[in-house]
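Hydrogens, waters and symmetry mates are skipped; everything else that's a heavy atom, side chains included, is used. Everything quoted here is computed from the prediction, not taken from an experiment.
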Amino acid sequence: MRGMTDTDRTGTFPAGTSAALTGSDRPAGDPAPASAVTDLRRVGAHPDFWYPVARSRSVRRGRVRATSFAGERIALYRGRSGTVHALEDRCAHRQVPLSMGVVEGETLRCCYHAWAYRGDGRISQIPYLSKGDRRPPRGVRGYPVREAYGLVFVFPGDPDKAAVTPLPELPAFGSPRYLTLTYARSVRCHYSFMHENLLDMNHQFLHRGVVGRLRPELLDRRTDARSVEARYLFTHTGGKRNRGASLLAAEGIGGRDSSDVMTIRTVYPYQTLDLVPEHAERPAFRLWVAYVPEDAEQRRCHTYGLLMIEKPRVPGALQLARPLIRRFTERVFAEDRMAVEAEQRAWDEQGEDRNQEVFSLILDLREVLRSNGVPIAAGPRPAGCGSAGPCGGG
């Protein structure tokens with residue numbers, strides 16, 4: 001069943017990085033001790049990518065919205081022109097959150113002393129400033145921001161890399177062949193648990209109440225430095241199925257005597273899933289998902305998903321089926337969330353990853369997530385805005 005060669009399981013970070021070492025991921029027979037493997041749950045999401053932090057419709061013209069990436073609080077606001085800006089969520093004056101502020105044209109004014117900020121984070125006005133006052137700071141950090149697929153993306157890493165780092169490509173989004181449903185949910189777990197949950201389709205017993213009995217068979221897999229791909233054959237072997245599952249997959253997955261091929265990819269830091277029913281030419285649905293860490297310790301993430309469903313030949317049929325499909329997907333997600341949050345609680349209680357993984361596909365995935373991530377910083381962060389933008393110096 002193996003499609004490509006195994007990845008090297010050294011578990012090391014790129015040169016110049018370091019992190020606490022622990023864990024039990026190493027397969028049996030590997031001579032390297034478990035202590036040489038970096039605990040994946042101590043690896044942070046790499047900031048040099050575009051991450052969704054809000055739905056576009058939730059950032060209304062003339063309003064501010066608070067969001068975050070890995071403990072960095074971000075204030076989003078949409079100016080009079082309709083452009084969305086993203087600033088570090090603190091006033092350089094008294095540290096009051098700018099998300100409490102007021103939008104005036106293309107500027108954001110702090111609610112406390114009315115300091116005004118441009119979209120790049122620079123201070124444009126201090127109403128009461130006189131010649132005898134101390135020189136004011138330049139401002140706060142401004143984040144590169146883009147809108148696509150009905151989402152607001154920010155680039156929390158090196159801003160010089162934003163222009164050369166592409167957004168994810170979603171050819172099915174906006175296609176007349178597909179209808180898109182958008183999902184946004186917080187989950188109390190490290191983002192890696194979510195990657196593992198979707199890629200490891202051997203957990204279908206968890207969903208037996210909605211999809212019946214399914215037998216997943218791993219057909220092949222591919223791994224390289226930044227990605228893992230797995231192809232499964234799903235066969236329904238009995239049991240009651242949810243009507244929404246049938247509608248979602250065009251009478252495929254969960255249907256009587258059906259065999260469907262599901263392809264799941266983690267291309268760091270995003271994940272996709274395509275399901276092609278038996279004898280079909282195109283996927284019945286395509287899923288794109290991003291797991292965005294919210295807190296500094298990255299034990300909580302926000303999941304943004306775009307589910308693109310192929311429209312049937314009968315006009316309007318999918319709109320009628322939409323409530324059933326959403327109800328089904330919400331139930332599956334709730335069951336998955338229950339499991340991954342239980343995994344996170346176990347890690348919290350044990351203080352380390354005692355996970356005894358045996359599936360080599362997941363071991364490959366963990367190595368991709370380790371090698372592409374960054375160590376999670378220990379202790380509180382300094383209040384400054386770092387090297388990626390104007391700082392509040394005096």
Checklist entry - What class does the angle between the rings of W115 and Y128 fall in, given that below 30° is parallel, 30 to 60° is tilted and above 60° is perpendicular? => result tilted
Any side-chain heavy atom of [X] sitting closer than 4.5 Å to one from [Y]?
X	Y	value
Y268	L369	yes
H93	C110	no
R231	M262	no
L306	L170	yes

Using only heavy-atom distances, determine whether the side chains of [X] and [Y] contain a donor-acceptor pair under 3.5 Å.
X	Y	value
H207	D336	yes
T263	D274	no
S68	E294	no
W50	Y270	no
S81	E106	yes
R366	N355	yes
S192	R41	yes

Next on the checklist: Could you check whether R326 makes a cation-pi contact with Y183, meaning its NZ or CZ is under 6.0 Å from the centre of the six-membered ring and within 45° of the ring axis?
Outcome noted: yes
Checklist entry - Given E310 and R282, is the salt bridge (charged side-chain N to carboxylate O under 4.0 Å, His left out) satisfied, shown in steps? => result CA-CA 8 Å; E310 186 180 29; R282 291 181 300 273; 2.9 Å; yes
Linking I/L/V/M/F/W/Y whenever their side-chain heavy atoms sit closer than 4.5 Å, directly or via other members, would [X] and [Y] fall into one cluster?
X	Y	value
L151	F173	yes
L206	F333	no
W288	L307	yes
V102	L76	no
L40	I362	yes

To the nearest 0.5 angstrom, please state how far the [atom1] atom of [X] sits from the [atom2] atom of [Y].
X	Y	atom1	atom2	answer
L365	T266	CG	OG1	5.0 Å
I309	I325	CD1	CD1	4.0 Å
L287	M308	CG	CE	7.0 Å
L87	T107	CG	OG1	10.5 Å
W347	D353	CH2	CG	8.5 Å
L98	L108	CG	CG	5.0 Å

Item to check | Whether over 12 other heavy atoms sit under 6.0 Å from Q350 CD | outcome: yes
Next on the checklist: Set out, in order, the CA-CA distance, both residues' side-chain angles and the distance that settles side chain to side chain contact (heavy atoms under 4.5 Å, CB included) for H190 and Q344, then state yes or no.
Outcome noted: CA-CA 7 Å; H190 189 266; Q344 181 65 61; 3.4 Å; yes
Item to check | Verdict with supporting geometry, V267 and T272, side chain to side chain contact (heavy atoms under 4.5 Å, CB included) | outcome: CA-CA 8 Å; V267 181; T272 63; 5.9 Å; no
Checklist entry - Given R299 and I376, is the side chain to side chain contact (heavy atoms under 4.5 Å, CB included) satisfied, shown in steps? => result CA-CA 11 Å; R299 297 184 189 179; I376 295 176; over 6 Å; no
Taking every non-hydrogen atom, the tightest pair across [X] and [Y]:
X	Y	value
V140	C91	CG1-C, 4.5 Å
V103	G79	CG1-CA, 4.3 Å
S186	R337	O-NH1, 3.0 Å
R354	E352	NE-OE2, 3.2 Å
V368	S371	O-OG, 3.3 Å
T182	R55	O-NH2, 3.5 Å

Does [Y] offer a backbone N or O that forms a donor-acceptor pair with the side chain of [X] under 3.5 Å?
X	Y	answer
E88	R141	yes
E229	R222	no
H203	D200	yes
Y232	M201	yes
Q271	V289	no
H46	D48	yes
Y178	R286	no
R73	D89	yes
N372	A225	yes
Q298	Y191	no

Item to check | From CA spacing to verdict: ring-ring contact (aromatic ring centres under 6.0 Å, His included), Y304, H302 | outcome: CA-CA 6 Å; Y304 291 91; H302 205 94; 4.6 Å; yes
Checklist entry - Can you check whether H195 and F193 have ring centres sitting under 6.0 Å from each other? => result no
Item to check | Aromatic centroids of Y143 and F69 separated by under 6.0 Å | outcome: no
Next on the checklist: Let's go through R370 and E367 carefully: what are the C-alpha distance in whole Å and the side-chain angles of both, what is the deciding distance for salt bridge (charged side-chain N to carboxylate O under 4.0 Å, His left out) to 0.1 Å, and is it a yes or a no?
Outcome noted: CA-CA 5 Å; R370 282 193 191 97; E367 195 55 45; 3.4 Å; yes
Next on the checklist: Going by side-chain contact (heavy atoms from CB on, under 4.5 Å), name the residues that satisfy it together with R61, two or more places apart in sequence or in a different chain.
Outcome noted: R78
Next on the checklist: Test of understanding: with salt bridge (charged side-chain N to carboxylate O under 4.0 Å, His left out), list the residues that count as partners of E343, not counting sequence neighbours.
Outcome noted: none
Next on the checklist: Under the criterion salt bridge (charged side-chain N to carboxylate O under 4.0 Å, His left out), I'd like the reasoning laid out for E341 against R188: C-alpha separation, chi angles, the key distance, then a yes or no.
Outcome noted: CA-CA 6 Å; E341 289 185 349; R188 294 186 297 273; 3.2 Å; yes
Item to check | From CA spacing to verdict: side chain to side chain contact (heavy atoms under 4.5 Å, CB included), V187, R300 | outcome: CA-CA 6 Å; V187 187; R300 187 178 70 250; over 6 Å; no
Item to check | Remaining members of the apolar cluster that contains V96, side-chain heavy atoms under 4.5 Å | outcome: M100, Y112
Checklist entry - For the side-chain hydrogen bond (donor to acceptor under 3.5 Å, both in side chains) test, which of R109, R80, Q125 pairs with E104? => result R109
